[in-house]
2 protein chains.
Amino acid sequence: MTRPKQAKRTTIYDLASLAGTSASAVSAVLNGNWKKRRISSQLAEKITRLAEEQGYATNMQASLLRRDKSHIIGMIVPKYDNRYFGSIVESFEDMARARGLFPIITCTRRDPQLEVEAARTMLSYQVDCLISTGATDPDRITEMCSAAGVRSINLDLPGTLAPSVISDNFEGARELTRKILLNCERQLNEKNPLLFIGGRGSDHNTAERIRGFRQAHSEMGVSVSEENILPCGYAPEKAEKALDELVARGVLPAKGMFVNSTISLEGVMRWLRRAGAIDRQDVVIGCFDWDPFAALLGHHIEMVRQNVPAMLEKMFEMIEAGQTKPVVVQVPPIMPDEEGPLVSREEALKAQTAYRNAG
Amino acid sequence: MTRPKQAKRTTIYDLASLAGTSASAVSAVLNGNWKKRRISSQLAEKITRLAEEQGYATNMQASLLRRDKSHIIGMIVPKYDNRYFGSIVESFEDMARARGLFPIITCTRRDPQLEVEAARTMLSYQVDCLISTGATDPDRITEMCSAAGVRSINLDLPGTLAPSVISDNFEGARELTRKILLNCERQLNEKNPLLFIGGRGSDHNTAERIRGFRQAHSEMGVSVSEENILPCGYAPEKAEKALDELVARGVLPAKGMFVNSTISLEGVMRWLRRAGAIDRQDVVIGCFDWDPFAALLGHHIEMVRQNVPAMLEKMFEMIEAGQTKPVVVQVPPIMPDEEGPLVSREEALKAQTAYRNAG
DNA sequence: AATTGTTGCTTCATCGATTGAGCAAAGAGG
DNA sequence: CCTCTTTGCTCAATCGATGAAGCAACAATT
């Protein structure tokens, strides 16, 4: 390394004295507008080389302090423990960077207090825009943002003060419910109402899904009682407990189940295993959300996968279009068939034959 | 809202003129050392109230520019698509905040180029410390950091230039292999070598796990051929393809499998299903990593869960102790039995009885 | 009355990058 | 040879928060 020992980081002033030039020339070269500022390409090259050698990195704090836009985009997200939020976060980072923005993400554990604190911190870091994903009180966050002159957008759960991008929960749930009911008819030869389990009754998505659930039942001529609807919360333990309580009251859970998230599905599967039903093929399940392993669980589970890339695409479109009105854009989720089979029939047959021959 | 319409954010100067005082008094009050600076409690109260009313948020860019320590701690992480990294990220955020640090995390998709760019960006944001999680070239990042006078720590995969906290992969793999071999004996009545699948042969963890895998075999008097070891990469498709190729060569994969990650397990399960083996109870699997749904898959799968809280605890201890030597701390993973059964036997029996009675 | 101490502030330089304004030197045009 | 333009830079103010140094007003001490 040619770099001298230094406790402090290299600044444009260090580079300037090394290059025998001024800090403003260095600045101009390093942020790319040296042509506009009529710096010779020789000097530009020299400075670039020096910066490289010295391992220079712009002090963003100083840079952002001076500029009007930070190009930082913040996102708050409830949890990292499922594929839905995982892929939201991963795609968000990617798409933000592709647009020259710096993403910062923070997890708020579905805690309203933490959401507010996180939002305040993000504002301190001068975000240009804040995305509230699955926030319990998105309007509160929008208020904080607009007080600071910062845009905000709601994702996954809608708000009333900022634009929102969400899944089409009603249609998705209606279609999923219909599928589960048909599977029940086919597999169990029965046409009974399903059990709805998981989620918070107070949140918009759960309410819409329950509406779709009801609609599908009535369209198929099945009536559902209030007892079949258990929006018991998101944690796996809550679903387990809700099922336990049902049984304790002497009620056998319906054999067809609409599970409101993979997290709740975790609890349902645990409960089923515990109740000795894991191997019985007489439980028919559908889940609003996707997980690769859940998709491979013994019984065929219908899974609706929310269309994360499309949702984020819409979201960035809104940002670029400068949308500030509280519109709600609904993105259709991906239904099981649309996805197509995992492999073609021919491929599967070939693999099976090869496996058997080898054995 | 009493707040006036403003395009700009409120600064300490705005608050100062509103309070009829100076900016430095406002600063002293808002960052809590007003007693040290002998500001009267009346003025302090007045300023605090005004700040509240105006929805003031410190401009971190300005604040950090002035201070010597940023209290920002960065982490780069390969993916968000599994429970291991998900819980690392979630716990890391939590523990960082608990220590008064501001966590920023970025996902680098196992791409060496992206890792370097991400590290450079984090240095730009003046992180005090950078954690490289599962980095392909952690030493490169350590070099960049030390050039900027920033500490760095490796997590999950070790480096040679900075302290590292990793799982005890050798012992974990040895124990897991032993378990799978025993399960094979019990369930299949055979004592054949297992298949090792997934991961990168070049990474330290995979190499250590292969070493443990071999050790366990030799301890149990089973010899493993080179052909049984397939470190084919991490993506599910890679595991699928590796199995396909094995079969294409006329080799039947071993019925006992050591799968190197849940991501690889996804591919293995898909392949087994495709090959028509998903229902056969004659496949015995163990996985180095944990996933709640994988744990519920038909065949009993032994899963080793890496001890994320313990690893992060060690990591923060190192940070606080100012450790800079390239020591490697190994944290024992959680073996299946240590976790205990999901529910007690009594509870399970009670639930089963209730379920049957209700039905 | 003179000195010293304390309280409660204000002033101002500073962190590093940015950018409008300005200026010297070289080249072009007459 | 003189003016005007272009080229290639430098100067200095600025962003908002911070904290050392300083200062006025009053109280306490000799």
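Protein chains get the first letters and strands the later ones, always in sequence-line order, with residue 1 at the start of each. All values below come from the heavy atoms of this structure, side chains included, with hydrogens, waters and symmetry mates left out.
Between the CH2 atom of B/W34 and the P atom of C/dT7 there is a distance of 14 Å, rounded to whole Å. Between the P atom of D/dA17 and the CD atom of A/Q61 lies a distance of 14 Å, rounded to the nearest Å. Spacing between atom CG of B/D14 and atom C1' of D/dC15 amounts to 13 Å, rounded to whole angstrom units. Distance, B/Y125 OH to C/dG16 P: 18 Å, rounded to whole Å. Separating the NZ atom of B/K35 from the P atom of C/dC9 is a distance of 15 Å, rounded to the nearest angstrom.
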Per-nucleotide protein contact string for nucleotides 17-27 of chain C (B base, S sugar-phosphate only, - none; heavy atom under 4.0 Å) = BBBBB------

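Listed by first and then second residue, the salt bridge (Lys or Arg N to Asp or Glu O under 4.0 Å) pairs involving residues 309-321 of chain A are A/R99-A/E313, A/R99-A/E320 (not counting sequence neighbours). For residues 127-163 of chain B, no pair satisfies ring pair (Phe, Tyr, Trp, His ring centres under 6.0 Å), with sequence neighbours left out. The ring pair (Phe, Tyr, Trp, His ring centres under 6.0 Å) analysis of residues 36-62 of chain A, with sequence neighbours excluded, yields no pairs. For the ring pair (Phe, Tyr, Trp, His ring centres under 6.0 Å) condition, no pair includes a residue of residues 14-43 of chain A, sequence neighbours left out. Identified under the side chain to side chain donor-acceptor pair (under 3.5 Å) test for residues 122-133 of chain A, with sequence neighbours left out: A/S70-A/D128.
Within residues 42-52 of chain A, the residues that have a heavy atom under 4.0 Å from DNA chain D are, in order of number, A/L43.
One end of the helix from C/dA1-D/dT30 to C/dG30-D/dC1 points its axis 60° away from the other end's axis, with each axis taken from 5 pairs and the angle rounded to 10°.
Checked against the 6.0 Å centroid criterion, the rings of A/Y80 and B/Y80 qualify as a close aromatic pair.
Applying the salt bridge (Lys or Arg N to Asp or Glu O under 4.0 Å) rule to A/R109 yields the partners B/E90, B/D94; only residues at least two apart in sequence or on another chain are considered. Every residue meeting the salt bridge (Lys or Arg N to Asp or Glu O under 4.0 Å) condition with A/R97, not counting sequence neighbours, appears here in chain and number order: A/E93. For A/T108, there are no side chain to side chain donor-acceptor pair (under 3.5 Å) partners, not counting sequence neighbours. Applying the salt bridge (Lys or Arg N to Asp or Glu O under 4.0 Å) rule to B/D137 yields no partners; only residues at least two apart in sequence or on another chain are considered.
Between B/S40 and B/L65, it is B/S40 whose nearest contact on DNA chain C lies nearer the 5' terminus.
Seen from the ring of B/Y234, B/R110 counts as a face-on cation partner, given the 6.0 Å and 45° thresholds.
Nearest to the side chain of A/T21, among D/dC9, C/dC9, D/dG16, sits D/dC9.
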